[in-house]
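These notes are about the structure you will find just below.
In the text below, chain A, chain B and the rest are named by the order of the sequence lines, each starting its count at 1.
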Amino acid sequence: MKLPDKYYHSSDVVALSRDLIGKYLFTSINNEVTGGYIVETEAYNGIIDRASHSFGNRLTSRTRTMFEQGGIAYVYLCYGIHEMFNIVTSVAGQPHAILIRAIEPTDGIETILTRRNMETIKPNITRGPGSVAKALGISRNINGISLQSDTVWVEDRGLTFTNKEVIAAPRIGVAYAGEDALLPYRFYVKGNIYVSKPNK
DNA sequence: ATACGGATTGACT
DNA sequence: GTCAATCCGTATA
């Protein structure tokens, strides 16, 4: 059921970002399985992408994870508050990553509600990358872990969306990247309530 | 050693 | 719509 390791070894991180829409992301933390299907992603295209941490081949203690072979998690802290969950792709030495920005929750709803301090499901429970990580119990201590592990993984359950239902648009929050901020590297399911706005 | 600011969210007007 | 929260990676010295 898990996507095989080789799935993540493609050098086309943008195509993979599109393909991950509709795939199921799960975590098992303290024996509690939570997850749902991906409805929003963003591609970060390695050393030539000004929006990427790895732009200009920047290899540091933080970005080291991105330089490993695809098929592992890259988790970092943003704004001192929010954990961001990414999937590393491509081969070792080519630092590609895909940010998971939103999922539609399907499994472990009670646990997700507890982690999010909510009593009922609202759209913002897994809307936005910081919210996804919190809902799934993801933190920096799973940085670098394999997606073949039983802690975090992705499954294909046969759910698909047509190209008409999936929008390609510029990424969010990367204005510092100059003209690279205009690249259509963000993918989302049109109209899905869990997608961070705009979602039309 | 120090300064700057970010792949954001949620509370509040 | 505005804005505070909050830590660490990164650049500069």
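- In terms of hydrophobic clustering, with Ile, Leu, Val, Met, Phe, Trp and Tyr side chains grouped at heavy-atom distances under 4.5 Å, Tyr74(A) and Ile172(A) are assigned to different clusters.
- The nearest whole Å value for the distance from the CG atom in Asn57(A) to the C1' atom in dT10(C) is 16 Å.
- Asp49(A) places a side-chain N or O within donor-acceptor distance of the main-chain N or O of Ala51(A), the cut-off being under 3.5 Å.
- Remark: P of dA7(B) and CG of Leu183(A) are 16 Å apart, rounded to the nearest angstrom.
- Nearest to the side-chain atoms of Arg62(A) among the listed nucleotides dT10(C), dA7(B), dG6(B) stands dT10(C).
- Note on Thr60(A): every side-chain N or O is 4.0 Å or more away from OP1 and OP2 of dG9(C).
- Here the side chain of Arg58(A) pairs a donor or acceptor atom with the backbone of His53(A) at under 3.5 angstrom.
- Along DNA chain B, the nucleotide nearest Asn124(A) and the nucleotide nearest Val174(A) are compared for position; the residue whose nucleotide lies closer to the 5' end is Val174(A).
- Considering only the side chain of Ser131(A), dG10(B) comes nearest among dA7(B), dG10(B), dG9(C).
- Remark: dT6(C) base-pairs with no nucleotide; criterion is Watson-Crick or G-U wobble with both hydrogen-bond distances under 3.5 Å.
- Nucleotide dC12(B) forms a Watson-Crick or G-U wobble pair with dG1(C), both donor-acceptor distances falling under 3.5 Å.
- Spacing between atom CZ of Arg115(A) and atom P of dG10(B) amounts to 16 Å, rounded to whole angstrom units.
- Taking atom CZ of residue Arg64(A) and atom P of nucleotide dG9(C), one finds them 12 Å apart after rounding to whole Å.
- The side chain of Thr63(A) lies closest to dT10(C), out of dT9(B), dT10(C), dA7(B).
- Crowding of Arg18(A) atom CZ: a count of heavy atoms from other residues, nucleotides or ligands under 6.0 Å exceeding 12.
- Closest approach to the Leu77(A) side chain among dT6(C), dA7(B), dC8(C) is made by dC8(C) (side chain taken as heavy atoms from C-beta onward).
- Residue Arg58(A) has no polar side-chain atom (N or O) positioned under 4.0 Å from OP1 or OP2 of dG9(C).
- Taking atom CZ of residue Arg116(A) and atom P of nucleotide dG10(B), one finds them 5 Å apart after rounding to whole Å.
- Residue Tyr176(A) places its side chain closer to dA7(B) than to any other of dA7(B), dT8(B), dT10(C).
- Nearest to the side chain of Ile81(A), among dG10(B), dT9(B), dA5(C), sits dA5(C).
- Judged by ring centres under 5.5 Å apart and planes tilted less than 30 degrees, Tyr44(A) stacks against the six-membered base ring of dA7(B).
- The separation between His82(A) atom NE2 and dA5(C) atom P is 13 Å, rounded to whole Å.
- A cation-pi arrangement is absent between Arg127(A) and Tyr194(A), since the terminal nitrogen or guanidinium carbon is not both under 6.0 Å from the aromatic centre and inside a 45° cone about the axis.
- In this structure, Met66(A) places its CE atom 15 Å from P of dG9(C), rounding to the nearest Å.
- Under a 4.0 Å N-O distance rule, the pair Glu165(A)/Lys190(A) does not qualify as a salt bridge.
- Taking atom C1' on both dC3(C) and dG5(B), the two are 16 Å apart, rounded to the nearest angstrom.
- The CZ atom of Arg140(A) sits 15 Å away from the C1' atom of dA7(B) (whole-angstrom rounding).
- Side-chain proximity of His53(A) to the nucleotides dT8(B), dG10(B), dA7(B) is greatest for dA7(B).
- Nearest nucleotide to the side chain of Tyr79(A), out of dG6(B), dT10(C), dA7(B): dG6(B).
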